[in-house]
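In what follows, chains are A, B, ... by sequence order, proteins preceding strands, each numbered from 1.
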Protein chains: 2
Amino acid sequence: MTPTDHEQRLRGVGLRVTRPRVAVLAAVHEAPHADTDALIGVVRRDLPDVSHQAVYDSLRTLTEAGLVRRIQPRGLVARYESRVGDNHHHVVCRSCGVIADVDCAVGEAPCLVASDAGGFVIDEAEVVYWGRCPSCTD
Amino acid sequence: MTPTDHEQRLRGVGLRVTRPRVAVLAAVHEAPHADTDALIGVVRRDLPDVSHQAVYDSLRTLTEAGLVRRIQPRGLVARYESRVGDNHHHVVCRSCGVIADVDCAVGEAPCLVASDAGGFVIDEAEVVYWGRCPSCTD
DNA sequence: ACCTTTTCTTGAACCAGTCAAGAAAGTGAC
DNA sequence: GTCACTTTCTTGACTGGTTCAAGAAAAGGT
């Protein structure tokens, strides 16, 4: 993923190409599941004077455009990842908070269809597994 | 569910019986999926001078004791419900934020076992469906 | 280059939730 | 019942992630 790749992905969804956006997109690819604060740190290695607001704005814009995905397990601050468009879920360590990707048990994502949705029109199913990571199990 | 029932459920899990706790337990039964602010309002119909902190403390204690369940879809404030111990999930309306209960598509909750948990020991799976409620679909 | 629109900077504000110290209430033993 | 001990509640301040707002700067089309 070169800077040019990120540029083209921005243009591809009709967004203006700005240095903060390219840097944020790169940061999300570099640091999966990082929170906003960590991403600000990564972005500032390239753009030392970028404002936190620019990062917040970029993250929102990129999320709305579908270039990144926001995840926010209960009780934790928002985190971002670059894997989008697939049906993967997350497992969160109750102890240290680390997050890992998991694929749904059954390939076709059967659990994503509720038995009785009470008249709701469902367009997304979000699954979060809770437990303990290998380091915290010892 | 009488006040006495709530008392006994509190004693049953080894908690002291206090007026705020009984009132909070009753409020969660009365107003499912309500947020803390709404619950404070309900509790204050019985105990007008109860502090918000007492409600926060009670909700945390009751949640930890397993008498109520906290749910917190991303971007929304925490909400509470009295259905505990079963395997039900929730559907959230993107438009108005209303929450409804849903049961998992397959009775045995197959999606609750991740195919590859990356070494995590999983003890809970949380499913949130996103969509639009009947009122907001029109 | 110029103009228009979008985005970024700066700095303040918001708000659900938490922390802390002392007062009040619950519980068990006597 | 009453006492003593412990937990819980009240009061009020505070935190921290996130958002809001106004003006300056940068993108992009012509």
Side-chain angles (χ1 to χ4, degrees), chain A residues 3-4 6-25 27 33-44 46-65 67-68 70-80 97 99, chain B residues 3-4 6-25 27-28 33-44 46-65 67-68 70-80 97:
Chain A
T4 310
H6 296 313
E7 261 191 62
Q8 295 189 337
R9 299 181 62 218
L10 286 167
R11 291 192 205 283
V13 294
L15 291 179
R16 289 194 179 179
V17 176
T18 68
R19 288 168 65 60
R21 285 181 180 166
V22 173
V24 168
L25 201 43
H33 307 143
D35 61 22
T36 308
D37 208 52
L39 291 172
I40 291 175
V42 173
V43 169
R44 285 189 175 153
D46 284 312
L47 274 54
D49 295 327
V50 80
S51 66
H52 72 133
Q53 192 62 253
V55 177
Y56 273 100
D57 286 350
S58 297
L59 285 169
R60 164 161 343 161
T61 305
L62 296 175
T63 301
E64 287 170 354
L67 293 185
V68 307
R70 163 190 273 134
I71 54 184
Q72 191 167 13
R74 65 178 182 232
L76 304 182
V77 300
R79 289 148 189 278
Y80 296 86
I99 298 179
Chain B
T4 310
H6 296 312
E7 261 189 63
Q8 295 189 338
R9 299 181 62 217
L10 285 167
R11 289 193 206 285
V13 294
L15 290 179
R16 289 192 178 180
V17 176
T18 67
R19 289 169 65 59
R21 284 180 182 169
V22 174
V24 167
L25 201 43
V28 174
H33 307 144
D35 60 24
T36 307
D37 208 53
L39 291 171
I40 290 175
V42 174
V43 169
R44 284 189 176 154
D46 285 312
L47 276 52
D49 296 325
V50 81
S51 67
H52 73 134
Q53 191 62 254
V55 177
Y56 272 101
D57 286 350
S58 298
L59 285 170
R60 170 178 321 178
T61 305
L62 295 175
T63 301
E64 287 171 354
L67 294 185
V68 306
R70 164 188 274 134
I71 54 184
Q72 192 167 10
R74 66 177 180 233
L76 302 182
V77 299
R79 288 147 189 278
Y80 296 86

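For B/Q53 and D/dT7, the CD to P distance is 18 Å, given to the nearest whole Å. Summarising the geometry, the separation between CD on B/E64 and C1' on D/dT7 is reported as 14 Å, rounded to the nearest angstrom. As a whole-Å value, the separation of B/L47 CG from C/dA25 P is 12 Å. The CZ-C1' distance, from A/R16 to D/dA25, rounds to 12 Å in whole Å. B/D57 has its CG atom 13 Å from the P atom of C/dA20, to the nearest Å. The CG-C1' distance, from B/D49 to C/dA25, rounds to 16 Å in whole Å. Between the C1' atom of D/dT10 and the CD1 atom of B/I40 lies a distance of 13 Å, rounded to the nearest Å. At whole-Å resolution of the value, NE2 in B/H52 and P in D/dT11 are 10 Å apart.
With DNA chain C read from its 5' end, the first of the two nearest nucleotides for B/T18 and B/L76 is the one closest to B/L76. Comparing B/L15 and B/R60 by the nucleotide of DNA chain C that holds the closest heavy atom to each, the one mapping nearer the 5' end is B/R60.
At the heavy-atom level, B/T61 lies nowhere under 4.0 Å from the strands shown. Using a 4.0 Å heavy-atom criterion, one finds that B/R19 contacts no nucleic acid atom at all.
Using a distance-only test at 3.5 Å, with no hydrogens or angles considered, a donor-acceptor pair links the side chain of A/H33 to the main chain of A/I99.
The minimum heavy-atom distance between B/G97 and B/L76, with the atom names listed, is O-CD1, 4.4 Å. The heavy-atom pair separating B/L59 from B/V68 by the smallest distance is O-CG2, 4.3 Å. B/S58 and B/V24 get closest at one heavy-atom pair: CB-CG2, 3.8 Å.
Note that the CZ atom of A/R79 and the CD atom of A/Q72 stand 10.0 Å from one another [nearest 0.5 Å]. Between A/Y80 atom OH and A/T63 atom OG1 the span is 5.0 Å, to the nearest 0.5 Å.
Between the axis at the start and the axis at the end of the helix from C/dA1-D/dT30 to C/dC30-D/dG1 there is an angle of 40°, using five pairs per end and rounding to 10 degrees.
Residue A/A78 has its side chain nearest to D/dT18 when only D/dT8, D/dT18, C/dT27 are considered. Of the candidates D/dT18, C/dG17, D/dC9, the closest approach to any side-chain atom of B/Y56 belongs to C/dG17. Checking D/dT10, C/dT9, D/dT18 against the side-chain heavy atoms of B/V50 singles out D/dT10 as nearest. Side-chain proximity of A/S58 to the nucleotides D/dG28, D/dC9, C/dC8 is greatest for C/dC8.
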Using residues 13-20 of chain A as the side-chain source, report each donor-acceptor pair under 3.5 Å to any protein atom, sequence neighbours left out, with the distance given to one decimal.
unit_1, atom_1, unit_2, atom_2, d
A/T18, OG1, A/R21, N, 3.2

